Structures are given as structure tokens and as C-alpha cells.
Amino acid sequence: EVQLVESGGGLVQAGGSLRLSCAASGFTFDDYAIGWFRQAPGKEREGVSCISSSDGSTYYADSVKGRFTISSDNAKNTVYLQMNSLKPEDTAVYYCAAGRTPYSGSYLLGIYEYDYWGQGTQVTVSS
């Protein structure tokens, strides 16, 4: 059974940091790109960051560049999203997703590239 389990969300003040984790199981982790997405109330789900399975390249939405860092621990089948300098507009439910694609590129920030999704973790940034 494929599982993606997010953790690490919470309430933080603006300027603070959180680290999200995405623990994966039930599929060959090395063959899948992993992406982080978020969805705020009343808004569409958007790509935040992703890491390619083919070459480990990472991609970021313009809104988080320089503040967020994605990393992967393949030995633990876990992907992390380190979020620094958080802003109230970062408030959303954050999801991780896995997509089996051999390619690399910023297109991986699109939601349609992914096959499996986690349940999400809430991140709330207070002003």
C-alpha cells in the first residue's frame, strides 16, 4: 500500500521556521519525483518545491525561493521541506506527492505530474 505521511506542521510567528517531513512507503522511492504543494482556503493547490528522481535537481516556486529548501534522505525514504522566514501568506495545508517520471524540470511543480498524495499538514503563520 502506497503511503505518504506528512508531519511537522504547526503554528509559528512570522519570521519563524518549520521543517516538514514526508515519509514514503509502498513504492520504489528512488524512481519517484517528490513534490511539496500547498492549498490555502479558497485557493487552488499550488506547487511549492520538488526534487527530481533522475538527477536530484530541485525546483521552487518564485514565492518561496531563498526561504524554503527541499532535501531527500533516500535511506529513510523521506523528503523534507525546511521553511524559513515564514510569512502569513505561507499559511496553508501542505501536501507531499510522488510521481513516477524519469525526467527533470520545473514542470514537476505542476500537480498533474503526481500519482500519490499525502493527507496534508496544516501550517499557520501568525503576523
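Everything numeric in this text was worked out from a predicted model, so none of it was measured.
- Applying the side-chain hydrogen bond (donor to acceptor under 3.5 Å, both in side chains) test between Y94 and each of R38, Q39, Q122 identifies R38 as the sole match.
- The heavy-atom pair separating D115 from G99 by the smallest distance is OD2-CA, 3.6 Å.
- The CG atom of L18 lies 8.5 Å from the OG1 atom of T121; values are rounded to the nearest 0.5 Å.
- Pairing each heavy atom of V125 with each of D90, the nearest pair is CG2-CB, 4.3 Å.
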Intermediate values then yes/no, side chain to side chain contact (heavy atoms under 4.5 Å, CB included), L109 and E46
CA-CA 8 Å; L109 289 172; E46 63 174 355; over 6 Å; no

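- Taking every heavy atom of both residues into account, S85 and S17 meet most closely at N-OG, 4.3 Å.
- Nearest heavy-atom pair, A23 versus T78, reported as atom, atom and distance to 0.1 Å: CA-OG1, 4.0 Å.
- Annotation: side chain of Y32 is not in contact with side chain of I51 (no heavy-atom distance under 4.5 Å).
- Checked for salt-bridge contact, D62 and K65 meet the test: a charged N lies under 4.0 Å from a carboxylate O.
- Contact record, A33 with T101: CB-CG2, 4.0 Å, taken as the closest heavy-atom pair.
- Two different hydrophobic clusters hold L4 and V93 under the rule that ILVMFWY side chains link at heavy-atom gaps under 4.5 Å.
- The local environment of CD in Q119 is sparse, with at most 12 non-hydrogen atoms from other residues, nucleotides or ligands closer than 6.0 Å.
- Between the CG atom of L108 and the OG1 atom of T58 there is a distance of 11.0 Å, given to the nearest 0.5 Å.
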S72/I34 under side chain to side chain contact (heavy atoms under 4.5 Å, CB included): CA gap, chis, key distance, verdict:
CA-CA 9 Å; S72 178; I34 303 293; over 6 Å; no

Derivation and outcome, side chain to side chain contact (heavy atoms under 4.5 Å, CB included), residues S53 and D31
CA-CA 6 Å; S53 62; D31 291 344; 5.8 Å; no

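- T91 and A40 get closest at one heavy-atom pair: O-CB, 3.7 Å.
- Surrounding OH of Y107 are more than 12 heavy atoms belonging to other residues, nucleotides or ligands, all under 6.0 Å away.
- Applying the ring pair (Phe, Tyr, Trp, His ring centres under 6.0 Å) definition to pairs two or more places apart or across chains, those involving residues 37-62 are F37-Y114, F37-W117.
- Linking Ile, Leu, Val, Met, Phe, Trp and Tyr residues whenever their side-chain heavy atoms come within less than 4.5 Å places V64 and L86 in a single cluster.
- For R100 and F27, the positive end is not near the middle of the six-membered ring at less than 6.0 Å and at most 45° from its axis.
- Side-chain contact between C96 and V79 is absent, with no heavy atoms from C-beta onward closer than 4.5 Å.
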